[in-house]
There are 2 protein chains.
Amino acid sequence: MGQRVTLNDVAEHAGVSRSTASLVVRNSKLIVPETHEKVRASMKALGYIYNQSAGSLRSQKTKTLGMVIADVSNPFYAMLAAGIEWACNQMDYLTIFADTAEDGHRQKMIVDRLIQHNVAGVFLCPAGDDSNTDLNALKSADTPVVQIMRHVPGNLAPYVGPDNLAGVELAVDHVVSLGRRSLAYLGGPVGKSSSEERLKGFHDGLRKHRLTPRPEFILSAGINRRQALETILPILDRPDRPDAIICYNDLMAFGVMLAMQRLGLTPGKDVALVGFDDISESELWTPALTTISIDARNIGRLAARVLLDTIADPHKAVHDVIVQPRLVVRESCGERFAKR
Amino acid sequence: MGQRVTLNDVAEHAGVSRSTASLVVRNSKLIVPETHEKVRASMKALGYIYNQSAGSLRSQKTKTLGMVIADVSNPFYAMLAAGIEWACNQMDYLTIFADTAEDGHRQKMIVDRLIQHNVAGVFLCPAGDDSNTDLNALKSADTPVVQIMRHVPGNLAPYVGPDNLAGVELAVDHVVSLGRRSLAYLGGPVGKSSSEERLKGFHDGLRKHRLTPRPEFILSAGINRRQALETILPILDRPDRPDAIICYNDLMAFGVMLAMQRLGLTPGKDVALVGFDDISESELWTPALTTISIDARNIGRLAARVLLDTIADPHKAVHDVIVQPRLVVRESCGERFAKR
DNA sequence: TCGAACTATTAGATCGTTCTAACGAATCGA
DNA sequence: TCGATTCGTTAGAACGATCTAATAGTTCGA
C-alpha cells in the first residue's frame, strides 16, 4: 500500500519547488514551457492524482455545482438536468444532483449540505413557497444561485426559464383561432410561480379575445397523468363540457387524453387539447399533442451560462433570462371547429 | 464581511477544546450529553457551518458518491438515477451525477475527475467496451464501484441489475404460448453486456420451444424510438413478416408501434409486441405495451445498498445482485393467435 | 550607469478539520 | 491500598494543496 503521491513528490522529482508544481497544475502562464513539460512528465511518471479536497480547503473554492430539481421522473426535468450537466461538464465542473420530490423540508436539508460542501454555485428549482430561507442561506454563504423554471418572489436570485404567460397565451390564441370558444384550464398545484404565470396567461388570453372564463373550468391538480385524469373526468362528462382544454404541461395533457379515451371522446375533434413543454413523447401520441415547446436542454445550457458567468465575476450584474416559447401544431386540436 | 466561523471559535465559545468540538460534530458517544448540548448551542449561536473540504482532506474520505449513467433522456435511467439519489441521500451522501451519452472518452474524463474528487464510491453504467481501464483506475484509487444495468467482463466490480436472459425468455414464452411462431428480435447496439444477454435470452427461448431463428429477423439498432422505427420498417413491410417482435426495451417497442401505425398494422393483432423495462409510459400507449418489468427505483436502491455496504466495510465479500424480472401482460400481444 | 519594471521561481504560512497519543479523574477488583 | 481499566477531554501534529510576499535574474528607458 504505497503512500499517496503529492505535489511535494512531483516537485522533488522534477527538481522544482512545490509552488512551481502547483502553478503547473493550474496551467499558469507564468511558468516557462519547458518547466511545464518537465513537471508534467514527473506527474505522469509518479502517477500523481490531484487532491480536490486540499485545493478546496486552501482556496475556499470548489469545482462543483449543486443542481436541485423538483422531480426527475418528469421527462422534462430529466432533459433539463442532462442539459445542465452537459454544459457544466464542458466547463470542468462536476454537478451534485438532488431531487427534492417537491418537498420543502428535503430541499432545506439538501441546500444545507451543499453549503457545507462549499459548492461554487447552485441551480435551484424551488419547491415550496418558503424557499426564500434557503435562498438567503445560500446568499449569506456567498453562493451564487440561479432559479430554473420557477422562482420565488423577492428577486433573490436570477431566473432562467420560459415566458410562461406568453406560452399559454399562444395556446389560447391557437384554439380560439380554430373556432373554439368554451375553454378550460387544467393547471398545476397553486403556489408555484410557473402555475401562477401560466394561469394568468390563460386569463389574459381569454380577455384578449373577449371571452369570459367559467370558474368551474379553471382546475388544478398534481403534476402527473393520474391526477390530471381524475380531475378532468367529471368535467368531460358534463353535457356542457368545454370544447378546448389547455394544460399546465404535457404530462397532464396525456392524463386528459386518457380520460377522453375512457369516455369515447376524440382529442382534436370533440375537444381541442394543448400541452406545455413538448417532451419527446408528445409527438408520438395518437393524436400527436399540440403543445407549447420550450427546449429543456437549451434552458439548461442558458442557466449554466448565467451561473458560470456569475461565478467567474461575482460583481457582474446578472439579469433574468426569459426564453420565448413556440407553438408546435400537431393533431390534438384538429381542424377548424364550428360550434354546433 | 465577517470571518468564517470555525470549530476553534465554537470551542472557545463553549469553553472546550477544538478536539471535543470536533467529536460533537461527529456525534461521538464519547462525549457526555451536557457537553454535547453546550457545544451545539455555541454552534447555533455563532452560525457555525461545517467545512467538508477540511474534513475530507484530513480524513481522506468524502461523503459524496459518483453516479455515471449512460443516457438520462431514457426515462428508465432517469428513474434509476432518482432511486439511487434517494437512497444515498437517506444515508447522508451527496451524489455527483454525470451522463456519458454512451461515450467512452467522456466516461474516462468523468471517472478521472471523480477520483480527484475523492468520491467514496461510484455507480457505473459502463459505456463502451474499454471500461476496464476506468474500473482499474478506480480500483487503484481504492474507490469501490458497483456496475449497474450492464457490466464488463473480468469481474472487476459487482453487478446490480436484472436477469436479462431470463427476462427475454419470459417474453418468448409468452408470445409462443399465444400461438406465435415467427419471432423477430430487435436488439440494442452490440457489445454491451445487456444487449448480449437479452439476445442470448431470445435464442435460448426459441431453442426451448424448438423454433429456429431466422437470421434476417435478428436486428439491432440504437436505443431510441427513431432508429427502432427505421430498422423495423422494411421487416414489417415484407410479405413474410414476423408475427411477433421482442424488443430490447420499451423505447424501441414504441418505435415499432409507430412503424406499424404507418403501415396500418395493429399491434397485438397483426404482430405481437413485447418491450423491456416497463417505463411509466408503457401502460398508456394504445394498445398498452406488454413488457418485462424491472423496477428502476428498486434497482437503484439495491445498488446503493451494495455500494454503501462496501464503503462501510471494504473487506466484506460482495456479490452480484441479480433482480428477477416480471412479465406484465397488457394489450400489445393480443389474444390467442391462430396461424392462418 | 542606475533604478524601475518585469519575469520565472520559491519559502513559508495557511486553510479547518481529524488523528494520535496522552492526560487526569473516577471506578474497579484483588 | 495499589495498580489496572475506563471515561471524557485535550494538545499538537498532520492532511495536501494555494496564497502572499519575496527572491534573483533580465530587460528597459533615461
Side-chain angles (χ1 to χ4, degrees), chain A residues 1-40 42-43 46-64 92 113 115-120 141-142, chain B residues 1-40 42-43 46-64 113 115-118 120 141-142:
Chain A
M1 198 70 79
Q3 291 284 36
R4 183 160 190 162
V5 179
T6 76
L7 262 191
N8 264 325
D9 305 324
V10 171
E12 194 176 354
H13 184 273
V16 296
S17 75
R18 183 183 57 253
S19 306
T20 304
S22 174
L23 289 170
V24 170
V25 169
R26 288 174 283 163
N27 277 316
S28 164
K29 58 187 189 313
L30 275 176
I31 303 295
V32 85
E34 41 195 297
T35 310
H36 231 280
E37 279 177 41
K38 196 170 56 181
V39 175
R40 289 227 171 270
S42 297
M43 281 171 35
L46 299 179
Y48 170 72
I49 294 173
Y50 179 77
N51 186 324
Q52 274 289 357
S53 307
S56 301
L57 170 57
R58 181 64 243 241
S59 67
Q60 309 280 39
K61 276 175 199 144
T62 56
K63 288 290 239 177
T64 43
D92 261 16
R113 207 103 49 91
I115 293 176
Q116 294 185 352
H117 202 278
N118 222 330
V119 290
D142 268 328
Chain B
M1 197 70 76
Q3 288 285 37
R4 180 158 193 163
V5 179
T6 77
L7 263 189
N8 263 326
D9 305 325
V10 171
E12 194 175 354
H13 184 272
V16 297
S17 75
R18 183 183 56 248
S19 305
T20 304
S22 174
L23 289 170
V24 171
V25 169
R26 287 175 283 163
N27 277 316
S28 165
K29 57 187 192 307
L30 275 177
I31 303 294
V32 84
E34 40 195 297
T35 310
H36 230 280
E37 278 177 43
K38 196 170 56 180
V39 174
R40 289 226 170 272
S42 296
M43 280 169 35
L46 299 179
Y48 170 70
I49 293 174
Y50 179 76
N51 186 324
Q52 274 289 358
S53 308
S56 302
L57 170 58
R58 179 63 240 237
S59 68
Q60 309 281 39
K61 276 174 199 144
T62 57
K63 288 288 238 176
T64 42
R113 207 102 50 91
I115 293 176
Q116 295 186 351
H117 203 278
N118 223 329
D142 269 325

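Note that this is a predicted model, so its numbers are computed, not measured. Numbered from 1 within each chain, the chains take letters A, B, ... in sequence-line order. Values below: all heavy atoms of this structure, side chains included; hydrogens, waters and symmetry mates excluded.
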Asks: Do V5(A) and I49(A) come close enough that some side-chain heavy atom pair is under 4.5 Å?
Replies: no
Asks: Please state how far atom CD in Q60(B) lies from atom C1' in dT17(C), giving the value in whole angstrom units.
Replies: 12 Å
Asks: Tell me, which pairs form a side-chain hydrogen bond (donor to acceptor under 3.5 Å, both in side chains) where one or both residues lie in residues 52-63 of chain B, sequence neighbours left out?
Replies: T62(B)-T64(B)
Asks: Name the nucleic acid region contacted by V16(B), choosing base, sugar-phosphate or nothing; use a 4.0 angstrom heavy-atom cut-off, strictly under.
Replies: sugar-phosphate
Asks: What's the CG-P distance between D9(B) and dC15(C), to the nearest Å?
Replies: 11 Å
Asks: Check the side chains of R18(A) and S22(A) for a donor-acceptor pair under 3.5 angstrom, ignoring hydrogens and angles.
Replies: no
Asks: Measure CD/Q52(A) against C1'/dC15(D) and give the value in whole Å, please.
Replies: 15 Å
Asks: Tell whether S17(B) reaches the base of dA11(D) with its side chain through a donor-acceptor pair below 3.5 angstrom.
Replies: no
Asks: Would you tell me if any nitrogen or oxygen in the side chain of S22(B) comes within less than 4.0 Å of OP1 or OP2 on dT17(C)?
Replies: no
Asks: Which of these nucleotides, dT10(C), dT9(C), dT17(C), is closest to any side-chain atom of S19(A)?
Replies: dT10(C)
Asks: When only distance counts, do a donor and an acceptor, one from the side chain of R58(A) and one from the base of dT18(D), lie under 3.5 Å apart?
Replies: yes
Asks: Between N51(A) (CG) and dC15(C) (C1'), how many Å, whole number?
Replies: 13 Å
Asks: Nearest whole angstrom, please: distance from the P of dG16(D) to the CZ of R4(A).
Replies: 7 Å
Asks: Quick check: on DNA chain D, is the nucleotide nearest L30(B) upstream (toward 5') of the one nearest L57(B), or the reverse? Name the residue that is more 5'.
Replies: L30(B)
Asks: Quick check: are there more than 12 heavy atoms from other residues, nucleotides or ligands sitting under 6.0 Å from CD of Q116(A)?
Replies: yes
Asks: Rounded to the nearest Å, what distance is computed from the CD1 atom of residue I49(A) to the C1' atom of nucleotide dC15(D)?
Replies: 16 Å
Asks: Under the 3.5 Å rule, do the base of dT18(D) and the side chain of R18(A) count as making a donor-acceptor pair?
Replies: yes
Asks: Write down the distance between CG (N8(B)) and P (dT18(C)), rounded to a whole number of angstrom.
Replies: 12 Å
Asks: Identify whether any heavy atom of T35(B) sits under 4.0 Å from a base atom; if not, whether one sits that close to sugar-phosphate; answer base, sugar-phosphate or nothing.
Replies: sugar-phosphate
Asks: Among N27(A), T20(A), L23(A), which one satisfies side chain to side chain contact (heavy atoms under 4.5 Å, CB included) with H36(A)?
Replies: N27(A)
Asks: Let me know the distance between NZ of K61(B) and P of dA14(D), rounded to the nearest Å.
Replies: 19 Å
Asks: The side chain of T20(A) lies closest to which of these nucleotides: dG8(D), dT9(C), dA17(D)?
Replies: dT9(C)
Asks: Starting at the 5' end of DNA chain D, which residue's closest nucleotide do you reach first, T6(A) or L23(B)?
Replies: L23(B)
